[in-house]
Engineer: 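Could you have a look at this structure, given as structure tokens, before my questions?
One-based numbering, in listed order, for ligands and for the atoms of each.
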Amino acid sequence: MSFELPDLPYAYDALGPYMSAETLEYHHDKHHQAYVTNGNKLLDGSGLEGKSLEEIVKESFGKNAGLFNNAGQHYNHLHFWNWMAPNGGGGAAKVPGNLLKAIESDLGGYDKMRDDFMNAGATQFGSGWCWLAVKGGKLEVMKTPNGENPLVNGATPILGCDVWEHSYYIDYRNARPKYLEAFVDNLVNWEYVAELYEGASS
Ligand code: MN3
């Protein structure tokens with residue numbers, strides 16, 4: 001396979017005022033495009049050309065840093081665009097039933113999950129991601145540096161927030177916690193998170 005940049009699943013100005021068109025133009029058209037372009041160059045001759053994206057991410061981890069960084073970021077961003085939606089967020093009332101039950105039993109409830117997820121993002125030193133992931137049938141909050149994701153830690157990501165500065169500096173400057181709050185409360189596409197949860201837990 002080769003990597004391809006998909007269009008955003010909404011208009012560039014659809015996530016305002018929480019994420020601007022300018023942020024999405026740079027983040028999608030420049031940053032994600034660069035991961036796709038560089039990933040394809042590094043995939044060529046790597047021996048992993050016939051594999052799926054998830055396999056490339058897992059098999060390049062710890063062995064081919066250049067390919068891993070770009071393939072990992074391609075995987076992360078493919079989902080990131082779908083982890084957000086216009087009129088997203090909305091609190092526990094918007095989380096589909098099975099997923100909400102798991103958040104209650106595994107993570108101490110919606111409010112605690114919200115605090116723990118935002119804290120993971122705020123305390124990731126430097127660039128990286130914070131996550132909700134399924135590991136061993138249970139939900140966990142995680143954080144990873146740079147382009148890493150829960151796949152390389154034996155878990156399946158169902159929600160991730162990009163805390164690289166390119167994701168928030170235009171709209172929030174250095175206020176990463178305010179960006180995380182807007183992401184959780186106003187942007188998360190809980191239907192898509194629930195879809196990934198059903199796939200990961202079945
Ligand atoms: Mn990014």
Engineer: In terms of relative ring orientation, are His79 and Tyr75 parallel, tilted or perpendicular, with 30° and 60° separating the classes?
Structural biologist: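 The rings of His79 and Tyr75 stand perpendicular, inter-plane angle above 60°.
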Engineer: Can you say whether the rings of Phe3 and His74 are parallel (under 30°), tilted (30 to 60°) or perpendicular (over 60°)?
Structural biologist: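 Ring orientation, 0 to 90° scale: tilted.
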Engineer: With no hydrogens and no angle check, just 3.5 Å: does a side-chain donor-acceptor pair link Thr23 and Tyr168?
Structural biologist: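 Result is no, nothing qualifies.
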Engineer: Please tabulate, for the side chains in residues 150-164, all donor-acceptor contacts under 3.5 angstrom to protein atoms that are two or more places apart in sequence or on a different chain.
Structural biologist:
unit_1 : atom_1 : unit_2 : atom_2 : d
Asp162 : OD1    : Trp164 : N      : 2.9
Asp162 : OD2    : His27  : NE2    : 2.9
Asp162 : OD2    : His77  : NE2    : 3.0
Asp162 : OD2    : His166 : NE2    : 3.3
Trp164 : NE1    : Asn146 : O      : 3.2

Engineer: Listing by chain and number, what protein N/O/S atoms are under 2.8 Å from the Mn ion (ligand 1)?
Structural biologist: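 As for protein N, O or S atoms lying under 2.8 Å from the Mn ion (ligand 1), they are His27 NE2, His77 NE2, Asp162 OD2, His166 NE2.
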Engineer: Test of understanding: with side chain to side chain contact (heavy atoms under 4.5 Å, CB included), list the residues that count as partners of Leu48, not counting sequence neighbours.
Structural biologist: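 For Leu48 the side chain to side chain contact (heavy atoms under 4.5 Å, CB included) partners, ignoring immediate neighbours, are Leu43, Ser46, Lys51, Ile56, Glu59, Ser60, Leu67.
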Engineer: Return the set of residues passing side chain to side chain contact (heavy atoms under 4.5 Å, CB included) with Ser201 (not counting sequence neighbours), or none when no residue passes.
Structural biologist: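 Applying side chain to side chain contact (heavy atoms under 4.5 Å, CB included) to Ser201 gives Tyr197.
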